[in-house]
Asker: 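Can you keep this structure in mind? I'll have questions shortly.
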Amino acid sequence: MLPYSPWLAWFVPIIGCLLVPILAKINGKLRDWFSFLFVAISSVFTFSMLPDVFNGYLADVQVQWIPYFNLSVGVLVDPLSVFMASLVSFIGALILLYSIGYMAHEEGLTRYYFFMLLFIGGMIGLIMADNFVQLYIFWEIVGLCSYALIGFWYKKPEAVRAGMKAFIVTRVGDVCLLLGILILYFNTGQFAFSSIQNSAGFLSMSLLTTVMLLLFGGAIGKSAQVPLFVWLPDAMEGPTTVSALIHAATMVKAGVYLVARTATIFPSLSSDYLLVVAGVGAVTAFMAATMALATFDIKRVLAYSTISQIGYMMFALGLGTSGGWFASQFHLMSHALFKALLFLCAGAVIHITGTRDMRQMGGLRRYMPITYATFIIGALSLSAVPPFNGFWSKDLILEECFRLGGYTGYLLFFAGTLTAIITIAYAIRAVALTFLGHESTVLKDKKLREAPSVMTIPLIILASACVISGFLQPSFANLMSQMFPKIADLSIMNIEALPLSISLLALVVGGLPAYMVYVKRSVSPEALTRGSLSRGVYKLLVNGYYFDSFYNYVFVKGTVYISNKLRKLQTGILNVNMLAFLIGFLFLLGLLFSALQGGI
Amino acid sequence: MIPLSYYLAFTAILYIVGIYCLATKRNMIRLVLGIEILVNAANLNFIILSANWKTGFVDPFAHSIVIISTALAGCISAVALTIVVYAYRHYGTLDARKLRRLRG
Amino acid sequence: MRFDGIEAAGLTVAILAVIVSCVFIAQNSFPTPYSTPPLKSTQSVGQEVSKFMWESRSLDLIAQALVLFGAAVGCLAILRSEKDEKKVKSE
Amino acid sequence: MFTLPIDTLIVFTVTTPFVGWIERKLHRKIISGIYAAVGFALSGFMLYQLSSQALSSPMVVPIHAGVFEACLRVDALSVFAAAIFLAMGFLVTVYSLKYMERDTGLSLYYTLLLAMITGMLGVVAAGDFFTLFVFWEFMCIPSYVLVAFRKQQWEPVEAGFKYLVMSSAGSATILYGMSILYGLTGTLNFAQLSVVMTSAAANVWGYVSLAFILIGFGVKASMFPLHTWLPDAHPAAPSSISALLSGIVIKAGAYGIIRTLFMIFLPSRFSWQIALAVFAALTMTYGNFAALLQKDIKRLLAYSSIAQMGYILFAISTTTSYGLTAGLMHTMNHALMKGLLFLCAGAFIYRAGTRNLDELKGIGHKMPLTAVIFTVAALSISGVPPLNGFVSEFMIVYAGVNAGMLAFTVVMLINILLGFAYYLRLIKIIVWSTPTENVKKVKRAPTLMLLPMALMALSCIIIGLYPAPFIEMASKAAQAVI
């Protein structure tokens with residue numbers, strides 16, 4: 001391990017972000033490359049910790065910060081944090097390399113690189129945090145950066161609105177998280193993970209469940225689970241690199257990390273809590289996958305697929321077994337790789353075609369062979385086709401469901417399989433609409449060519465990682481077995497026949513119709529929405545199960561209504577003000593006297 | 001001798017009259033008078049209670065307070081009346097209810 | 001005299017407040033102070049007050065003088081002559 | 001006479017009109033402003049010298065003050081509050097040097113500014129309730145005039161009159177409550193009162209007095225039904241004065257509530273906490289909802305001040321040492337943040353000449369540094385870590401959970417979300433919009449205005465990153481009254 005690497009891993013990007021405005025004064029190119037360099041250095045630090053944790057090195061370094069709250073600032077080095085940090089810094093570095101080409105002709109790049117570095121630094125800081133307050137602070141910083149980055153193109157009003165939406169919706173979750181942290185602190189007197197772990201045994205089960213559910217509320221917001229997923233599809237208004245970062249590495253993984261981390265802190269999880277986690281995860285996985293089927297925006301397809309895949313991770317965590325825990329982390333790694341790949345490919349496509357609507361693409365296979373090939377790899381990984389990494393991890397999740405058995409296990413297995421069927425369908429649909437068939441008329445007069453090499457190199461790196469990483473399961477299990485010893489059993493890639501055959505069957509069930517409809521075109525896609533029932537379903541899917549309209553109606557409109565009504569109270573007439581004075585006085589007297597009589 | 005309660009009721013009513021004046025009267029100068037009534041209610045209360053201590057003893061403490069607070073009330077009225085002058089220049093009326101361009 | 005809404009409401013609340021306060025005062029007798037008297041006074045109140053004020057409340061007197069000063073400055077500030085006053089007035 | 005910081009300020013207050021006279025003879029418009037700034041700095045230095053002594057044990061002036069003598073009593077809370085007041089006074093004076101240059105009567109303006117801060121220092125240092133009241137008036141009267149300072153426009157005059165009537169009614173109410181208190185105990189000395197009220201039974205009349213005093217201070221602290229003067233007065237005043245009004249003058253109300261409720265109406269004998277919490281919840285909810293759709297930048301900030309006062313009142317209503325520490329921290333942070341926001345708004349108004357948010361769209365692109373400072377302040381006040389607003393809001397929420405007031409805490413959390421929403425809207429309008437036609441010609445803010453703003457923004461970040469010493473101070477101040 002390089003000296004001080006747990007600290008420097010997040011210090012370097014954050015210091016880098018402060019240097020960005022200064023470097024920008026010197027030279028634009030210098031700023032771009034230095035930003036990449038800072039994250040690359042950070043990833044060197046994070047990777048340097050990997051060998052140590054492999055050899056069983058654990059550390060929890062603390063420096064006193066606010067003695068009034070008995071609060072320290074500290075870093076936690078254990079397999080989970082080091083693994084996550086390495087993933088984030090690695091993907092972050094690739095995305096920054098890619099942005100040098102992708103964002104080259106944009107305005108306001110200083111702002112862009114400032115927040116990108118802060119985003120990555122904040123996420124690594126979140127992961128390395130050894131106490132809840134530090135985690136919460138970085139959690140909010142990540143939210144702030146997402147707000148600034150999603151609204152990067154501030155001249156588009158939708159982008160600014162999407163940024164605000166992301167920030168506000170995730171903050172609804174954050175409020176739960178904060179309350180959970182405080183209730184926990186109030187009952188244990190500690191913020192640090194290690195101390196809470198020691199005193200968690202004394203807490204009553206109902207209290208623990210409440211706290212855990214509140215913490216999970218925070219994860220729901222950040223990881224875009226039902227019912228707070230509405231911000232993620234809109235967040236596609238930001239630059240594609242930002243979406244890639246949000247989906248693959250930083251923002252949405254924070255929620256999964258939090259749930260995984262709490263699972264290591266509290267050894268005995270209540271079944272109610274697990275049921276909620278698993279239920280939310282399964283429902284999300286299914287709903288998001290169906291929504292991905294109905295949208296024509298290539299980035300929104302990927303966004304829904306992220307929500308769905310995060311749902312997989314959540315319900316794997318909700319199994320409550322160490323195997324499920326491991327499977328979720330394994331899937332997190334796979335997902336990070338293939339989702340980054342898919343987003344960057346989509347970015348390349350958007351970069352060239354200038355549109356996000358898949359109906360206006362098509363036939364790009366001929367012009368962008370590298371992008372096409374890598375996108376295919378990503379899509380195959382996403383839809384869990386062997387031997388790509390998505391297959392190994394998703395299969396592990398389903399196997400763990402199967403192994404758990406019982407009502408929940410089989411139900412979850414069923415939900416997972418159903419989702420898998422839909423997943424391959426929308427993956428094929430996306431590939432076919434974008435790359436196969438004929439170019440749409442819109443593209444006729446555009447000069448179509450392959451993206452520049454600074455963009456394709458990260459694609460190739462990520463694609464090869466997608467192929468390889470699935471086979472890393474044994475060593476990954478070895479690494480993680482320090483968190484839960486039982487995980488060591490998973491270091492052999494033993495595959496159970498029944499779940500495997502079911503999931504392979506699911507691939508065929510989902511893949512074949514999609515292939516017929518979108519590739520072979522033997523049935524026109526429009527024909528699917530002709531019946532009145534299927535039209536209704538289609539409308540439901542396009543509108544995202546009306547979650548958005550519901551929130552808009554109840555919360556936004558409701559708040560505005562109340563606000564308008566309350567503003568009427570300010571009549572501007574002095575007499576009325578004094579009348580309010582008298583009434584307020586009498587009200588206070590009433591309250592005080594009822595308190596005196598023991599009323600309250 | 002009149003019991004203390006009567007005096008207290010009197011100051012309480014005086015206070016309410018002051019607030020009533022502020023809450024209903026339209027003339028700005030009357031509003032300034034309303035403030036004076038409020039302060040005087042408090043002052044009277046001080047005087048009354050200074051004699052409540054012990055029979056035949058009147059506390060000079062309360063009296064000194066009243067002397068000072070009377071002067072303070074005068075200061076407030078002075079400032080209030082200068083503002084009223086300008087309000088009249090801007091609005092052309094002494095009706096306090098016409099001063100309602102600021103609202104919402 | 002014609003009542004408008006505000007006056008009616010003001011009158012109602014004020015009468016209510018008067019009734020409440022009278023009932024309250026009638027029911028709760030006011031206690032005598034808890035501490036002991038400060039002076040054994042035999043002099044007339046008037047003399048006592050001025051002596052007391054200078055001896056014990058001198059800080060308040062100075063502060064009161066400051067308030068007077070502040071009010072004077074305040075009146076001056078509002079009544080200050082302003083050359084461009086008429087120009088800006090029409091907004 | 002009084003303590004040295006107050007004496008210094010008094011000397012400067014009284015001499016500033018003469019300096020103004022010299023200023024007119026020399027035709028330099030800036031002298032009285034610099035003179036006032038020197039006064040604040042000097043007073044701050046005196047306070048620093050005094051602090052080590054006052055922090056360890058309360059300092060009484062005159063030393064052998066009797067029960068009936070007017071006296072000052074400087075303890076940790078006084079020093080804490082006075083330090084905030086002086087710092088804000090100094091920064092705002094420096095800001096005014098440039099901001100107020102187009103106005104007339106500047107020496108009177110600075111005199112009133114000095115007088116107002118002197119009054120506030122006296123309020124926090126008073127050891128006798130009546131002394132507090134006299135200084136309270138000394139604070140109020142200049143503030144009325146300062147609101148109406150630009151009397152050539154209708155708005156300040158209207159707002160100033162409303163402010164004056166409501167606030168004076170509040171003062172008279174305090175006086176009435178004080179008279180009942182005097183009748184009950186025979187003294188108005190804080191130290192003595194706290195002794196007497198501990199031994200005496202909680203009388204019904206005590207509650208009456210409490211109600212009067214709470215309402216009286218509540219007018220200044222903009223408690224819900226009494227807040228109506230604030231959204232008029234704060235926007236109407238010149239922005240520098242709005243910064244002081246929102247930053248510290250309403251905090252004097254909170255100070256009065258803390259001082260009286262914790263030293264006289266002890267929470268162990270008088271159960272006022274639920275009543276205060278109800279009022280706090282109403283205040284924050286109303287403030288946030290009303291701020292949500294404002295079109296006027298300063299009016300929005302003023303409503304948000306009401307909401308923030310609700311948070312502080314809620315912190316006070318927990319009655320725990322944690323809660324009071326949190327409330328004091330938030331007092332300090334809010335003074336910084338809201339002062340900063342008003343100063344930024346002032347800079348925008350100074351350059352663009354309008355307060356309407358529709359016309360200020362995208363002004364951040366023309367005034368980048370001001371926009372960054374504004375964003376820092378707005379994020380800070382909406383509780384985004386690692387800025388200072390987060391620290392104190394976190395502490396208040398913790399204190400609420402700790403005191404077992406979970407329902408009120410949830411109300412506060414929802415309110416934080418609401419506040420967050422409209423501050424994001426504000427940032428969106430100022431920073432994330434395409435500049436409109438009438439802000440196209442705008443230049444960057446003058447350096448003399450940027451300087452205090454940058455200093456305050458920096459302290460926002462520093463307090464956010466390393467709050468330990470400030471929390472230590474606040475906790476010491478809280479210990480002084482509990």
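Because the structure is a prediction, the values reported are computed rather than measured. Order of the sequence lines sets the chain letters (A, B, ...), proteins ahead of strands, with each chain counted from 1.
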Asker: Go through A:I583, A:L569, A:V576 and name the one with the most non-hydrogen pairs under 4.5 angstrom from chain D.
Answerer: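 Most heavy-atom pairs within the cutoff with chain D belong to A:L569.
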Asker: Looking at D:F289, I'd like to know if the NZ or CZ of A:R567 sits under 6.0 Å from its six-membered ring centre while staying within 45 degrees of the ring's axis.
Answerer: no
Asker: For D:K295, look at atom NZ and say whether over 12 heavy atoms of other residues, nucleotides or ligands are found less than 6.0 Å away.
Answerer: no
Asker: Please identify, among D:T409, D:V397, D:T285, the residue contributing the most non-hydrogen atom pairs under 4.5 Å to chain A.
Answerer: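 Option with the top pair count is D:V397.
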Asker: Between D:G464, D:G362, D:G400, D:A468, which residue shows the highest count of heavy-atom pairs closer than 4.5 Å to chain A?
Answerer: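 Looking at each of D:G464, D:G362, D:G400, D:A468 in turn, D:A468 comes out on top.
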Asker: Taking all heavy atoms of D:A421 and all of A:M164, pick out the closest pair and write down the distance.
Answerer: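 Scanning both residues completely, I find the closest heavy atoms to be O-CE, 4.3 Å.
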Asker: Given that the side chain runs from C-beta out, which part of A:V133 has a heavy atom under 4.5 Å from chain D: side chain, backbone, both or neither?
Answerer: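 When you check distances to chain D, only side chain atoms of A:V133 fall under 4.5 Å.
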Asker: After noting the C-alpha distance and the side-chain angles of D:L413 and A:L178, does the key distance pass the side-chain contact (heavy atoms from CB on, under 4.5 Å) rule?
Answerer: CA-CA 9 Å; D:L413 282 171; A:L178 184 63; 4.1 Å; yes
Asker: Check whether D:Q273 gets within reach of chain A through its side chain, its backbone, both or neither, counting any heavy atom under 4.5 Å.
Answerer: neither
Asker: Taking the six-membered ring where the residue is Trp, are the ring centres of D:F390 and A:Y136 under 6.0 Å apart?
Answerer: yes
Asker: Please assess D:T173 against A:F581 for the test side-chain contact (heavy atoms from CB on, under 4.5 Å), listing each intermediate value before the final yes or no.
Answerer: CA-CA 11 Å; D:T173 312; A:F581 182 103; 3.5 Å; yes
Asker: Select one option (side chain, backbone, both, neither) describing which atoms of A:V160 are under 4.5 Å from chain D's heavy atoms.
Answerer: side chain
Asker: Side chain, backbone, both or neither: which part of A:L566 has a non-hydrogen atom closer than 4.5 Å to chain D?
Answerer: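 For A:L566, the contact with chain D is made by backbone and side chain together.
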Asker: Identify which part of A:A159 has an atom lying under 4.5 Å from any heavy atom of chain D, answering side chain, backbone, both or neither.
Answerer: neither
Asker: Who among D:E158, D:R425, D:Q294, D:M223 has the most heavy-atom pairs with chain A under 4.5 Å?
Answerer: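 Going by pairs under 4.5 Å, I would pick D:Q294.
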Asker: Please examine the side chains of D:V208 and A:F593, heavy atoms only from C-beta on, and report whether any two atoms are closer than 4.5 Å.
Answerer: yes
Asker: In terms of heavy-atom pairs under 4.5 Å, which option from A:G143, A:P67, A:G151 contacts chain D the most?
Answerer: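 Option with the top pair count is A:G151.
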Asker: Under 3.5 Å, side chain of D:K428 to main-chain N/O of A:Y154, donor-acceptor pair present?
Answerer: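 A pair under 3.5 Å: no.
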Asker: Find the distance between CG (D:L293) and OH (A:Y561) and round it off to the nearest 0.5 Å.
Answerer: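 Interatomic distance, D:L293 CG to A:Y561 OH, rounded to 0.5 Å: 13.5 Å.
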Asker: When rounded to the nearest 0.5 angstrom, what distance separates CG in A:L588 from CG in D:L210?
Answerer: 7.0 Å
Asker: Taking every non-hydrogen pair under 4.5 Å, which of D:I414, D:N288, D:L465 racks up the most with chain A?
Answerer: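 Of D:I414, D:N288, D:L465, D:L465 has the most heavy-atom pairs under 4.5 Å with chain A.
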Asker: In terms of heavy-atom contacts, does CD of A:E106 have more than 12 from other residues, nucleotides or ligands at under 6.0 Å?
Answerer: yes
Asker: Can you tell me which of D:Y466, D:W229, D:W272 forms the most heavy-atom pairs within a distance under 4.5 Å of chain A?
Answerer: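 Of the options given, most contacts go to D:Y466.
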Asker: Counting only non-hydrogen atoms closer than 4.5 Å, does D:L418 touch chain A with its backbone (N, CA, C, O), its side chain (CB onward), both, or neither?
Answerer: side chain
Asker: Under 6.0 Å between ring centres: does that hold for D:Y322 and A:Y68?
Answerer: yes
Asker: Is D:S271 close to chain A through its backbone or its side chain, or both, or neither, when contacts mean heavy atoms under 4.5 Å?
Answerer: both
Asker: For a quick test of reading the model, state the closest non-hydrogen atom pair linking A:I141 to D:P385 and the distance between them.
Answerer: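 For A:I141 versus D:P385, the nearest heavy atoms are CG1-O, 3.8 Å.
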Asker: Do you know which of A:A148, A:P157, A:G590 has the most heavy-atom pairs under 4.5 Å to chain D?
Answerer: A:A148
Asker: Under 4.5 Å heavy-atom distance to chain A, tell me which part of D:V410 shows up: side chain, backbone, both or neither.
Answerer: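 Side chain only.
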Asker: If the test is ring-ring contact (aromatic ring centres under 6.0 Å, His included), which one of D:Y423, D:F420, D:W432 qualifies with A:F167?
Answerer: D:F420
Asker: Rounded to the nearest 0.5 Å, what separates atom CZ in D:F394 from atom CD1 in A:I66?
Answerer: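 That separation rounds to 8.0 Å.
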Asker: Is it the side chain or the backbone of D:L379 that comes within 4.5 Å of chain A heavy atoms, both, or neither?
Answerer: side chain
Asker: Main chain of D:T228, side chain of A:Q570: is a donor-acceptor contact present, judged purely on distance under 3.5 Å?
Answerer: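 At least one qualifying donor-acceptor pair exists.
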Asker: Side chain, backbone, both or neither: which part of D:L424 has a non-hydrogen atom closer than 4.5 Å to chain A?
Answerer: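 Both parts, heavy atoms under 4.5 Å.
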Asker: For A:L574 and D:F161: C-alpha separation, side-chain torsions, deciding distance, then whether side-chain contact (heavy atoms from CB on, under 4.5 Å) applies.
Answerer: CA-CA 9 Å; A:L574 194 52; D:F161 186 69; 3.8 Å; yes
Asker: Any side-chain heavy atom of D:V278 sitting closer than 4.5 Å to one from A:F587?
Answerer: yes
Asker: From A:N564 CG over to D:L292 CG, what is the distance, rounded to the nearest 0.5 angstrom?
Answerer: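 If we round to the nearest 0.5 Å, A:N564:CG and D:L292:CG are 9.0 Å apart.
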Asker: Of the backbone (N, CA, C, O) and the side chain (C-beta and beyond), which part of A:I168 lies under 4.5 Å from a heavy atom of chain D, both, or neither?
Answerer: both
Asker: Can you give me the closest heavy-atom contact between A:M578 and D:A169, atom names plus distance?
Answerer: CE-CB, 3.7 Å
Asker: Please report the interatomic distance CG(D:D232) to CG(A:N577), rounded to the nearest 0.5 Å.
Answerer: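 These two atoms lie 7.5 Å from each other.
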Asker: How far does CG of A:L589 sit from CD1 of D:I215, to the nearest 0.5 angstrom?
Answerer: 8.0 Å
Asker: Are D:V384 and A:Y147 close enough, and set up right, to give a side-chain contact (heavy atoms from CB on, under 4.5 Å), and what steps lead you there?
Answerer: CA-CA 12 Å; D:V384 173; A:Y147 159 68; over 6 Å; no
Asker: Is the D:F212 ring parallel, tilted or perpendicular to the A:F585 ring (thresholds 30°, 60°)?
Answerer: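 The rings of D:F212 and A:F585 stand perpendicular, inter-plane angle above 60°.
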Asker: Using non-hydrogen atoms and a 4.5 Å limit, figure out which bit of D:L417 sits close to chain A: side chain, backbone, both or neither.
Answerer: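 The side chain, not the backbone.
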Asker: Out of A:K565, A:K155, A:R161, return the one with the most heavy atom pairs under 4.5 angstrom to chain D.
Answerer: A:K155
Asker: So which part of A:V560 gets closer than 4.5 Å to some heavy atom of chain D, the side chain, the backbone, both or neither?
Answerer: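 For A:V560, heavy atoms of backbone and side chain both lie under 4.5 Å from chain D.
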Asker: Do D:V391 and A:F69 touch side chain to side chain, with heavy atoms closer than 4.5 Å?
Answerer: no
Asker: With only heavy atoms counted, which part of D:F279 is less than 4.5 Å from chain A, the side chain, the backbone, both or neither?
Answerer: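 Side chain only.
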